[in-house]
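Notes follow the structure.
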Amino acid sequence: MEPGQQLRFHSANHRFLAAAGLRPQQVIGKRIEQIIPEPACTHALKQCRESIRSRQTVRWDETYAHSSGIKYGKISVTPIMDARGSVTHLSGGIIDITKRRNSELALHESEELYRRIVQTAEEGIWTIDARSLTDYVNPKMAKMMGYKPEEMIGRPISDFLDDEGKSLLVTHIKNRKKGISDQFEFKYMRKDGKPLWAFVSTNPITNNQGVYVGAMALLTDTSARRAAEAAMQESNAQFRAIFEQAAVGVALIDSNTGRFLNVNQRACDIARLTRRQMLATTFMHIAHPDDLQANLEHMKRLKSGKLQTYTIEKRHLHADGSITWINLTVSPMWKKGEPPSRHIAIMQDITERKRVEQSLARTTELLERTGEMAKIGGWELEVASKKLFWSLETCRLFEIESKTTPSLKQAISFYAHKEQQIIRASVKAAIEHGTAYDLELPVLTAKGRRFWARTQGFAIRKNGQTVKLIGTFQDITEHKQAEQALIESEVRFRAIFEQAVVGVGLVDFTTGRFVDVNRRFCTIVGRSRKDMLKIAFDEITHPDDHAKNHHLHKQLKAAKSSEFQVEQRYVRPDGSVVWVNLNASLLSTKSGRPNQLLAMVEDITSRKLAEANYRRELGFNEILASHTSAIIILLDRHGNLIHANEATLQMLGYKRKDLVGKQPPWKSDFMDPAEKTRSQKRFKEMLAGKNISSREVTLIGKDRKRHVVALSSIITHTPEGAVDRIIVTGTDLTERNRLQKEILKISEQEQARIGHNLHDGVGQTMTGVSSLIEALESELTGDQRQSAARIHHLIQEAIQEVRRMSHSLSPASVKNRGLGGALHLLAETIRTNHRTACTCEVNPDIKIEDSEKETHIYRIAQEAANNALRHGHPSTIKLSLQLLGENEAVLKIEDNGSGLGKRTPEHAGIGLRVMDYRANLIDGSLTIKSRPRGGVSVVCRFPYGES
């Protein structure tokens with residue numbers, strides 16, 4: 001130190017010069033300000049002066065720029081004093097801690113990534129300690145259980161189980177303590193008391209000494225899948241009940257022979273045959289001869305693909321010569337491209353409807369002719385659209401073309417100017433208040449002919465609003481003062497009344513008793529006209545509809561409406577119930593006071609039954625078509641895929657037409673070759689009656705993305721006991737496996753970090769200690785020198801052991817030497833460290849560009865060799881990496897040890913399972929088996945190059 005505390009470099013070792021990138025002449029004799037740049041220089045001078053002042057060693061951390069990047073150093077400065085206690089020199093040292101600081105930053109980033117993955121996982125994650133107390137749940141797990149995370153921490157897992165689960169828990173905990181991982185379905189109890197069924201994948205957690213300290217589980221909620229399975233079973237039972245109890249006839253028919261294959265009871269009733277008789281005959285034998293050819297023509301077009309389905313009306317001819325009219329709907333049951341095999345026929349008895357239609361046709365023609373004769377035309381006005389419809393006779397009355405119905409404004413313009421105000425007011429009152437009108441006004445036709453017209457208007461109301469006006473026009477010019485016209489009109493009304501296709505009745509508005517009824521009304525309620533005129537309206541109404549009827553009548557009496565329409569039930573004398581559509585409107589006297597109620601009823605029993613059946617069928621279809629995340633596939637007894645739900649299509653990326661009706665899954669593109677073989681084998685075992693447990697398979701989407709799926713299968717049978725369908729359900733485990741892969745990756749990174757720290761931290765420190773001991777050894781003599789030499793030898797062995805451990809934890813050789821070099825190094829390590837003969841044969845043409853894939857292959861070889869050394873005690877081990885054709889490579893690890901013994905691949909330990917999992921990650925397969933002459937053969941096949 002110069003006067004004025006000027007600091008110059010007196011000496012520097014080669015490590016300092018190398019770190020600074022300077023030569024000795026550039027440093028020795030230079031002031032500190034000339035060597036260290038700002039701002040580090042100011043800070044260094046401050047620390048040096050503090051060391052001079054305090055006469056103590058001063059230490060600090062410094063960050064500085066270097067040509068190779070940012071460096072981190074730990075600096076110390078110690079004062080050197082003369083005999084008088086004055087500071088003459090400063091001795092300083094710098095330790096490069098860049099690697100350690102970078103490792104700490106990388107560890108922090110790795111831990112943060114792992115925390116984000118766990119916190120945002122779509123599966124529940126639950127860990128317990130050695131006392132089975134909950135020490136962590138992720139947000140998804142807490143949500144699944146209905147708790148907040150803090151409400152579950154610290155509580156024993158048994159708090160979340162019922163009695164049955166607690167008894168099973170004991171066995172599961174024992175297995176975890178034995179180091180056994182497992183997968184199973186388990187029931188937990190949510191906070192609200194409801195059960196939570198989940199698919200559990202659990203692993204034990206051990207410390208560095210291998211002592212059990214807890215367990216971790218990944219849970220996938222399967223409650224929805226179980227509910228769907230229960231709903232499916234219920235739906236199947238409902239379908240069978242619907243088929244047997246359907247109100248229409250349903251028959252399954254051979255499309256080539258016409259023979260009945262299956263029929264429900266209603267079909268037998270329609271055909272008037274027993275089920276046995278139906279199954280012994282054909283559809284052609286019971287068809288009416290006049291309808292047979294048309295039916296055969298339709299079937300020909302259906303089988304050729306020109307028709308997708310068809311509906312016709314035809315006749316059944318019975319043995320006694322009578323005829324039943326049916327509405328027949330035929331749909332094919334073969335898929336497009338398949339030869340015609342079977343079709344389904346829906347038969348509805350329409351004999352009564354045909355009779356009514358024939359009667360209605362005659363009545364309609366009669367009404368048309370009657371209107372023409374009486375010069376009465378009809379009209380209808382849609383209130384919302386203001387669209388006006390005139391009947392043919394109305395057009396004749398007003399002398400306009402029948403195809404040019406006028407607008408409402410044009411229709412009103414046919415009245416004289418003074419009468420236009422009257423008709424506008426009447427129409428407005430009818431729309432706004434539902435008020436009917438009956439007016440006699442002079443009009444002028446389109447061709448200028450004047451006549452007196454009687455115009456009537458009635459409002460059709462729904463929910464208190466007028467939706468439609470209907471009415472009539474009548475030319476009453478010749479009959480205005482003629483009584484005879486009134487009599488003729490009454491006769492025509494009586495004819496219409498009696499021949500109407502709907503029931504018509506007149507009811508005394510005060511007493512509710514029938515004044516008059518037509519024949520159709522009597523037929524509907526099953527009573528004679530004489531009996532009807534003795535009773536009141538309430539006596540035929542179903543008791544459950546009385547309150548509704550009274551409410552509607554009260555509204556009529558209160559003048560809130562002049563008519564109503566309602567669907568209700570009548571009770572016949574034999575106790576049977578008939579549904580009717582009742583339209584009732586008030587009839588007023590000339591004084592304007594209502595004294596009668598006009599009731600028009602239509603028998604809608606058949607329609608109500610059809611509606612009920614439709615609602616049941618709709619509910620059934622909604623259950624079947626409900627969206628679910630579970631995969632549902634339906635196969636026939638030959639393995640052909642006949643149905644795939646939306647979740648399956650979305651996962652695989654196919655359209656329904658690409659899968660449904662095609663070949664069995666083991667001949668499709670969404671399975672790899674190994675899985676195709678296993679799938680076909682499982683299918684044959686299931687058909688043979690063997691119970692197939694749930695299994696995980698890999699399915700390949702249209703985009704070639706692989707999905708790991710847990711599949712379960714169940715067989716359904718026909719009533720005769722034969723195999724009918726195979727239902728395959730599954731849960732997509734791809735996300736769960738992705739998390740497992742991520743955890744494995746994090747574990748690999750952690751091992752690499754620990755290996756690097758052992759090599760660069762502990763190894764470097766021990767190397768430094770070895771150098772110091774070697775220097776010390778050269779300075780000692782006698783026994784002390786021999787002790788130092790012994791210590792130096794032990795330190796060297798420790799350094800080698802640390803290096804072997806670091807290479808095992810972090811396969812740096814894979815990165816530095818490539819896969820072939822790493823496998824050769826592994827063989828050399830086995831020969832050196834385990835004194836076991838080990839050969840390695842690697843095809844030099846194999847070049848794998850994916851470093852992660854190289855690591856997985858190396859780890860499989862490493863784990864297989866370690867397993868052989870630990871359990872088999874072999875004298876020789878052979879490593880081999882060769883090509884199989886152009887697109888596949890094979891890794892083999894063979895030994896001549898004691899073999900598998902009682903261990904089997906199905907009951908493999910964690911090491912074998914990790915090897916299998918790594919093989920799956922590189923799209924490969926792993927085979928482990930005993931060799932004929934002793935030892936174990938581990939073979940991993942994986943794709944290589946472009947496929």
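All residue numbers in this chain count up from 1 along the given sequence.
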Is any side-chain heavy atom of Gln308 less than 4.5 Å from a side-chain heavy atom of Leu302? no
In the structure I gave you, are the side-chain heavy atoms of Arg275 and Asn262 within less than 4.5 Å of one another anywhere? yes
Do the side-chain N and O atoms of Ser255 and Arg342 include a donor-acceptor pair separated by under 3.5 angstrom? no
Decide yes or no for Arg454 and Asp438: does some side-chain heavy atom of the first lie under 4.5 Å from some side-chain heavy atom of the second? yes
Any side-chain to backbone donor/acceptor pair from Glu432 onto Ala429? Under 3.5 Å, distance only. no
Do Ile312 and His298 have side chains that approach each other closer than 4.5 Å (heavy atoms only, starting at C-beta)? yes
Is the shortest side-chain heavy-atom distance between Trp379 and Leu469 below 4.5 Å? yes
Hey, is CE on Met600 packed in by over 12 heavy atoms from elsewhere, all under 6.0 Å? no
Hey, does Thr466 have a side-chain heavy atom less than 4.5 Å from the side chain of Ile460? no
Without swapping roles, check the side chain of Ser322 against the backbone of His318 for a donor-acceptor pair under 3.5 Å. no
Main chain of Arg572, side chain of Ser576: is a donor-acceptor contact present, judged purely on distance under 3.5 Å? no
So that I know where these two stand, are Phe473 and Phe398 an aromatic pair - ring centroids less than 6.0 Å apart? yes
Hey, is the main chain of His343 close enough, under 3.5 Å, to the side chain of Ser331 for a donor-acceptor pair? no
Look at the side chain of Asn518 and the backbone N and O of Val504, then say whether any donor-acceptor pair between them is shorter than 3.5 Å. yes
For the side chain of Ser391 and the backbone of Gly377, is there at least one donor-acceptor N/O pair under 3.5 Å apart? no
Evaluation steps, side chain to side chain contact (heavy atoms under 4.5 Å, CB included), between His551 and Gln555: CA-CA 6 Å; His551 173 72; Gln555 286 188 318; 3.8 Å; yes
d(Ile323 CD1, Asp290 CG) to nearest 0.5 Å is 8.0 Å
Rounded to the nearest 0.5 angstrom, the CD-CG distance for Gln568 and Asn581 is 9.5 Å
Closest non-hydrogen atoms of Ile524 and Val578, given as atom of the first, atom of the second and distance, are O-CG1, 3.7 Å
Whether Glu567 and Arg607 form a salt bridge (side-chain N of Lys/Arg under 4.0 Å from carboxylate O of Asp/Glu) is what I want to check. yes
Do the side-chain N and O atoms of Asp508 and Gln596 include a donor-acceptor pair separated by under 3.5 angstrom? no
Quick check: does any side chain N or O of Asp516 sit under 3.5 Å from a backbone N or O of Leu506, one acting as donor and the other as acceptor? no
Identify every side-chain donor-acceptor pair in residues 406-416 under 3.5 Å, counting partners at least two apart or on other chains, and give the distances.
| residue | atom | partner | partner atom | Å |
| --- | --- | --- | --- | --- |
| Ser407 | OG | Gln410 | N | 3.2 |
| Ser407 | OG | Gln410 | OE1 | 3.4 |
| Gln410 | OE1 | Ser407 | N | 2.9 |
| Ser413 | OG | Gln410 | O | 2.4 |

Please determine, by modelled atom types, if His550 and Asp538 share a side-chain donor-acceptor pair under 3.5 angstrom. yes
With side chain to side chain contact (heavy atoms under 4.5 Å, CB included) as the test, would you mind laying out the steps for His288 and Lys314 before giving the verdict? CA-CA 8 Å; His288 194 284; Lys314 57 174 296 182; over 6 Å; no
Is a side-chain donor-acceptor pair under 3.5 Å present for Thr541 with His546? no
Could you go step by step and tell me if Lys428 and His433 meet the side chain to side chain contact (heavy atoms under 4.5 Å, CB included) rule? CA-CA 8 Å; Lys428 182 179 180 182; His433 307 294; over 6 Å; no
Cationic N near anionic O, under 4.0 Å, Arg272 to Asp320: yes
Shortest non-hydrogen contact from Lys468 to Ile470? CD-CG2, 3.9 Å
Any sub-3.5 Å donor-acceptor pair from Thr351's side-chain atoms to Trp325's backbone N or O? yes
For the residue pair Arg355 and Glu352, establish whether any side-chain heavy-atom pair is separated by less than 4.5 Å. yes
Report the C-alpha separation of Lys387 and Glu380 in whole Å, then their side-chain angles, then the decisive distance to 0.1 Å, and conclude whether the salt bridge (Lys or Arg N to Asp or Glu O under 4.0 Å) test is met. CA-CA 8 Å; Lys387 186 175 181 181; Glu380 180 180 280; over 6 Å; no
Thr311 side chain near Leu328 side chain, heavy-atom distance below 4.5 Å: no
Assess whether side chain to side chain contact (heavy atoms under 4.5 Å, CB included) is satisfied between Arg266 and Asp349, documenting all intermediate values. CA-CA 10 Å; Arg266 181 56 181 158; Asp349 187 345; 3.6 Å; yes
Check: Tyr437 main-chain N/O paired with Ser426 side-chain donor or acceptor under 3.5 Å: no
Quick one: do Arg396 and Glu393 make a salt bridge, cutoff under 4.0 Å? yes
Give the minimum heavy-atom separation between Ser585 and Leu597, together with the two atoms involved. O-CD1, 3.4 Å
Give a yes-or-no answer on whether the side chains of Asn295 and Tyr310 include a donor-acceptor pair shorter than 3.5 Å. yes
Under 3.5 Å, side chain of Arg513 to main-chain N/O of Phe537, donor-acceptor pair present? no
Taking ring pair (Phe, Tyr, Trp, His ring centres under 6.0 Å) as the definition, give me every residue that meets it alongside Phe521, ordered by chain and number, with sequence neighbours left out. Phe514
Might you point out which heavy atoms bring Cys395 and Trp390 nearest each other, and give the distance in Å? SG-CB, 4.0 Å
If I take atom CG from residue Leu388 and atom OG1 from residue Thr394, how far apart are they, to the nearest 0.5 angstrom? 9.0 Å
If you look at every heavy atom in Phe509 and Lys557, which pair is closest and at what distance? CZ-CG, 3.4 Å
When rounded to the nearest 0.5 Å, the distance separating NZ of Lys548 from NE2 of His553 is 12.0 Å
Which atom pair, heavy atoms only, marks the closest approach of Ile431 to Val383? CG2-CG1, 3.8 Å
Hey, what do you get for CZ (Arg301) to CD (Glu297), rounding to the nearest 0.5 Å? 9.0 Å
Sequence-distant partners of Phe283, ring pair (Phe, Tyr, Trp, His ring centres under 6.0 Å), two or more places apart: Phe260, His316
Are Arg353 and Glu313 ion-paired here, with the side-chain N under 4.0 Å from a carboxylate O? yes
The reported gap from OH in Tyr570 to CD in Glu539 (rounded to nearest 0.5 angstrom) is 13.0 Å
